[in-house]
Structures are given as structure tokens and as C-alpha cells.
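Structure first, then comments.
Because the structure is predicted, anything quoted here is derived from the model rather than measured. A note on names: the letters A, B, ... follow the listed sequences, proteins ahead of strands, and every chain is numbered from 1.
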Amino acid sequence: MIDIKQLRNNPDIYKDNARKKGVEVDVDQLLGFDKELQELRSQVDEKRRQINEHADNFKQTQGTTSPENNEKGRALKKEKGDLEHKLKSVQLQFDELIKKVPNLRWQDVPDGTSEADNINSAPVIQPRTFDFEPKNHWQIAQQRMWIDKERAAKVSGSRFAYIKGDLVKLQLAIVQFTMNVLSNEEVLKKIIKDNSLSIDSTPFTPVLPPLMLKEFVYDEMDRLEPRDDRYQVGEEKDHLWLQGSAEHVVGSMHRQEKFNEADLPIRYIAYATSFRREAGTYGKDTEGIFRMHQFDKLEMEVLSVQESGIEEHKFLIAIQEYLMQQLDLPYRVVTKCAADIGKPNARGIDIEAWLPGQDKYRETHTADYMTDYQARRLKTRVRRSTENDSKVELVHTNDATAFALGRTMIAIIENYQTANGGVRIPEVLRPYMGNREVL
RNA sequence: GGAGAGGUGGCCGAGUGGUUGAAGGCGCACGCUUGGAAAGCGUGUAUGCGGAGCAAUCCGUAUCGAGGGUUCAAAUCCCUCUCUCUCCGCCA
């Protein structure tokens, strides 16, 4: 959620921002509700003052009072009740509307009307040339019996799969490799230095989060919508939702908490299964395991003070690139335009891996910088102390993919394939696979 | 699923109707003391909203898990929900 005070002072900036993001929201109506709320609140406060003053009159007499006095107190309370009732109904309308106002985009986010306006970097690692016709991951995996979608369809339906054999070992190797990189402060220091960042090198804490979350928490994260893409569990009884990304359960983990400045940044690397209905993607990416209802992911989440938010964002992108370079996978970096970064985002970057079997770049990573947008409703705050002053402010949140395991394995299979249908193992993963060289 | 105990400030913990935004302690900050430090002593130490002021600050209001109720008055009484813990049962 945005800061209403900021919007009061700069309504045009918010209007322009919403337009650029392609979000429709009536800012003037919101300001109207805001004004009404302020008036009602001061009326309620005044009424409460009168009630308190009236009650204070009995303190001396220790409860000795008269019917007339009781009558007056009751009348005041009735008036307060009426005002509060009005306040509540305006508040509800205000709350609904303010949630629709998108976060301000960062200064350097390019304009654009759709993902077609995103800006692609030149390849950072060049696609390799093959002296044979490269197959796609599905052809290879099927032949090697690594993926079984037919049986998964019998049991669970479309867009589910059994992952088997060496592909499982490969996934676990990537998980271990990544966990080791992100909890190694020396590596992080090097990445910080190489990218001329000036942030602290606190290592990432590995996390296995719960996969279900409460509806109102999901809403506070501003990730519940579109609900069509979410799975609800125990609709009547539990009101729980399956997370669509570890960000949803890790970013919300410190809701209603107040940190000391020295506690930040807090960095997590979560390993979790994500669930998505993939509504509206019928017939898209049906081959293989590119787009599944369920997929495993390594996800980074960072809570920081506001001044280092943007550097944390750049740090996460640098880590993503480092990881891709370690696996030696061809990729490019995509700077997403205003229309494509999403409502809660201030800035968004994707990484796309080259898939020779599809002859295309495809998204494997995303990095989202939310400034204080998520933290405001979550009430995740930090106490900051200076000389003789201490204030509490909202933390800034960042999340970014370390590896989406399914897609990463697709990229490995397709880029590391050999003419005879084999797949070499990226060097850094070999120690985690018994030092084997091929799958 | 059954039975019980709890949720108070950064932390611990007192508090069964008005003098409690909340005792006491710890922690933290500043000052005194010291060659310096520790100990000791003193002072201060929540946040949201609205208002006044250049400002330090002051005024009003709300907040003791959440919501509702009783009362002139609720951290304190009643109801509902929620979370944590203990014991039993079931179970990976």
C-alpha cells in the first residue's frame, strides 16, 4: 500500500504513475474519502474527549453519581457511536480504493505499454553453437525417463509431473550449491566488491517456509490477486492459500515486527514448492515442465533500511548473474518497463536463459524491489537511532529468484546436451553429484 | 479430537473497575564520577492519527493478542475468535 500522506501532497505523480503502469484508479475519489475521514476522525476524537472528561468528574467521588449524570454519559456515548459508524463505512471504502493505487516506479524504469517494451541486454553469456540439431528438454528428458507427465496426469491432471532419477539428483545438487554460495560471506563480499556496491555482507539464512498462508496476510503482501492464479485450501474451514512463490510466505514472516537497525539487513534463501493455477495459459508451453502447477524454487528475500533498498535490489540481481555464470548458462538481462513490473513493484528485472531447444530466451529469474509498499500493510518496521533521536520507519523489501529449479534444469539439459543425447553436468555441480561428469 | 494454562512496553514481569501509557527489573541512551573503564548515582527511554509552534516541545485521541459487549468509566467484568504452551489421544 502507498503512503496516503505522499499522495495528498503529490496526487499528480500518483495519477501519472498509475497511468504509466496501466492501472485504473480514481485518485480524486480517494482524496475525497481521505478528507472525509480526517473530519470524522477529529469529530470522534472530540466526542471521546467529552466522554473522558465526563467520566473524570466521578473520580473524586469514587463512583457516587446521579441518574442525570448517567443519562448524560449515555447520550454522549450514543453520539460517539453514530459518528464511529459513519467513520467505519468511509474507512472501508477508503481501504478498498487505496489498495488499488500502485507503487511508484523507480526513476530509471523505462516507459512502455506491454512486455514488448521491455529492454533486453546483449547476451551476457553467449549462446553456444551446436554442430548438431539441439533437442528440447522434453525430448531428452522423456527419452531418459526423467519426466513422467502421463502418469502425473492420471493422478493429478495436466501440468503436473513426476521428476525422476538423475534429474532429482541434479535438483538437489543445485539446491546445495546455491545454499552454500549464499551462506558464504566471502563469496558475497566478492560480488559486492565486483559490483561496486556499498552494503553489508550478511549471509543469507536458509529457510524452509510453510507453504500455506492466511488470506489476509496474502492480501497484505499484495500478492493474493489475481486469485484465479491461486489455489485455496479448505475454503470454508481453514481460509488458507497455497503460496505462489516463497516470497509470499517469507516476506510476510516478520509482519507486525519492529527491528533494531543493527538487525538489518535480514537475508533469506528459501527452498519451497510454489503453486500456480496458470489460469489463462491454456495451450501455452504445454511441452515438458516449463510451466507447471507446482514447481520448486530457491528464492531470496531481503528486508533492509530504506537507503540500501536499491542496492540490495542490485545485489540480488548481481547474485542471480553470478549464479548463472557459475552454471555457465547463456543469458541476458531484461529491464522491465512500467507496464510490466507489477503493481507493488518499484523496479523489476528478469533474467532470461537461452534455450537452444526452443531457439529462444525464456524467463528463469525475476527480481522485485518493492520499496516500503509491502511493509506498510505488514507493519514490518525498524527503529532507527541517531544522536538523541529515535524514529521508527518501514523496512524496504526485495525478493528475487535464486533458481527456479524446473526451468534451470531445462536450461542445463538444453545447453549441456551432447550429440548422442547425453547431458554434461555443469562443473560447479559435480562435487554434489559424486564428481560425475554426465547425467 | 479431549482437558488445562496463558498472550501486558525492546525484553522480563506487576497489575480484578476510576489516581495506570501502564509499578519494578533488565537492556539501551545521555550526564555525574574516573587518568580511562567497571561499579555507583542521576535523568531519559512505545507507536498511530489530528491540532498548535521556526523549533526543543506541547495539547487531544487511540493502542495491554483481535473483534464485540456491560458501565458515567475497562489492561481489569462478559462473549466470540485467534495464537502459544502443558498433559492425553491420533499420526509423518
Requested in this report: Rounded to the nearest angstrom, tell me the gap between atom CG in A:Leu37 and atom C1' in B:A62.
Outcome: 15 Å
Query raised in the report: Does A:Arg74 place a side-chain N or O at less than 4.0 Å from the phosphate oxygens OP1/OP2 of B:C72?
Result: yes
Query - Heavy-atom side-chain proximity of A:Ile413 to A:Trp146 below 4.5 angstrom - result: yes
Query raised in the report: Do A:Ser304 and A:Glu312 have side-chain N/O donor and acceptor atoms under 3.5 Å apart?
Result: no
**Report entry** Complementary nucleotide of B:G50, counting Watson-Crick and G-U pairs under 3.5 Å
**Finding:** B:C59
Report summary line: Under a 3.5 Å limit on both distances, the Watson-Crick or wobble mate of B:C77 is B:G69
Query - Distance between P atoms of B:G36 and B:A56 (Å, rounded) - result: 34 Å
Give each protein N/O atom lying under 3.5 Å from an N/O atom of nucleotides 48-51 of chain B, with the pair distance.
| unit_1 | atom_1 | unit_2 | atom_2 | d |
| --- | --- | --- | --- | --- |
| B:C49 | OP1 | A:Lys5 | NZ | 3.2 |
| B:G50 | OP1 | A:Arg8 | NH1 | 3.4 |

Query raised in the report: Side chains of A:Thr401 and A:Lys297: is there a donor and an acceptor less than 3.5 Å apart?
Result: no
Requested in this report: Find the partner of B:G17: check Watson-Crick (N1-N3 plus N6-O4 or O6-N4) and G-U wobble (N1-O2, O6-N3) distances, both under 3.5 Å, and reply none if neither fits.
Outcome: none
Query raised in the report: Does B:A23 pair with anything, Watson-Crick or G-U wobble, both distances under 3.5 Å, and if so, with which nucleotide?
Result: none
Query raised in the report: Which residue pairs satisfy the ring pair (Phe, Tyr, Trp, His ring centres under 6.0 Å) criterion with at least one member in residues 163-217 of chain A, sequence neighbours excluded?
Result: none
Query raised in the report: Looking only at atom P, what distance separates B:A37 and B:G50, rounded to whole Å?
Result: 44 Å
Query raised in the report: If you measure from the P atom in B:G2 to the same atom in B:U8, how many Å do you get, rounded?
Result: 26 Å
Report summary line: Whole-Å distance, A:Met253 CE to B:C83 C1', equals 17 Å
Where do N or O atoms of nucleotides 73-75 of chain B meet protein N or O atoms at under 3.5 Å, pair by pair?
none

Query raised in the report: Whole-Å distance between B:G67 P and A:Gln91 CD?
Result: 13 Å
Query raised in the report: Taking atom P in both B:G10 and B:A66, what distance in whole Å separates the two?
Result: 13 Å
Query raised in the report: Is B:A92 paired to anything, Watson-Crick or G-U wobble with both distances less than 3.5 Å, and if yes, which nucleotide?
Result: none
Query - Donor-acceptor pair between A:Gln50 and A:Glu46 side chains, under 3.5 angstrom - result: yes
Query raised in the report: B:A74 and B:G18: how far apart are their P atoms, nearest whole angstrom?
Result: 11 Å
Query - Euclidean distance, atom CD of residue A:Gln256 to atom C1' of B:G9 [Å, nearest integer] - result: 15 Å
Requested in this report: May I have the distance from A:Asp263 (atom CG) to B:C11 (atom C1'), rounded to whole angstrom?
Outcome: 13 Å
Query - 5' precedence on RNA chain B between A:Asn260 and A:His54 (nearest-nucleotide basis) - result: A:Asn260
Query raised in the report: Taking C-beta and beyond as the side chain, do A:Ile2 and A:Tyr373 meet within less than 4.5 Å on heavy atoms?
Result: yes
Query raised in the report: Does one side chain, of A:Glu299 or A:Gln243, offer a donor that lies under 3.5 Å from an acceptor on the other?
Result: no
Requested in this report: Could you measure between the two P atoms, the one in B:U63 and the one in B:G9, and give it in whole Å?
Outcome: 15 Å
Query raised in the report: To the nearest Å, how far apart are A:Lys78 NZ and B:C72 C1'?
Result: 17 Å
Requested in this report: Ignoring backbone atoms, test whether A:Lys258 places a side-chain nitrogen or oxygen under 4.0 Å from the OP1 or OP2 oxygen of B:G10.
Outcome: yes
Query raised in the report: For B:C64, which nucleotide in any strand shown is its Watson-Crick or wobble partner with both distances under 3.5 Å?
Result: none
Query raised in the report: So, do A:Arg255 and A:Met221 sit near enough that their side-chain heavy atoms are less than 4.5 Å apart?
Result: no
Query raised in the report: In whole angstroms, how far is the C1' atom of B:A29 from the CZ atom of A:Arg383?
Result: 12 Å
**Report entry** For the student: nearest non-hydrogen atoms of A:His313 and A:Asp368, plus distance
**Finding:** ND1-C, 4.0 Å
Requested in this report: Give the rounded distance in Å between these two atoms: CG of A:Leu213 and C1' of B:C83.
Outcome: 16 Å
Query - Distance, P atom - from B:G15 to B:U76, rounded to whole angstrom - result: 15 Å
Query raised in the report: Mind checking the C1' distance from B:U19 to B:A23? Whole angstroms is fine.
Result: 13 Å
**Report entry** Among B:G68, B:U47, B:C83, the one nearest A:Lys88 by side-chain distance
**Finding:** B:G68
Requested in this report: Return yes if a side-chain donor-acceptor contact under 3.5 Å exists between A:Ser198 and A:Glu311, otherwise no.
Outcome: yes
Query - A:Tyr231 and A:His293 aromatic ring geometry - parallel, tilted or perpendicular at 30°/60° bounds - result: perpendicular
Report task. Scan every strand shown for a Watson-Crick or G-U wobble partner of B:A5, both distances under 3.5 Å, and answer none if you come up empty. Result -> B:U84
Report summary line: When both distances are under 3.5 Å in a Watson-Crick or G-U wobble arrangement, the nucleotide paired with B:C41 is B:G31
Report summary line: Closest non-hydrogen contact found for A:Ile51 with A:Lys77 is CD1-CA, 3.9 Å
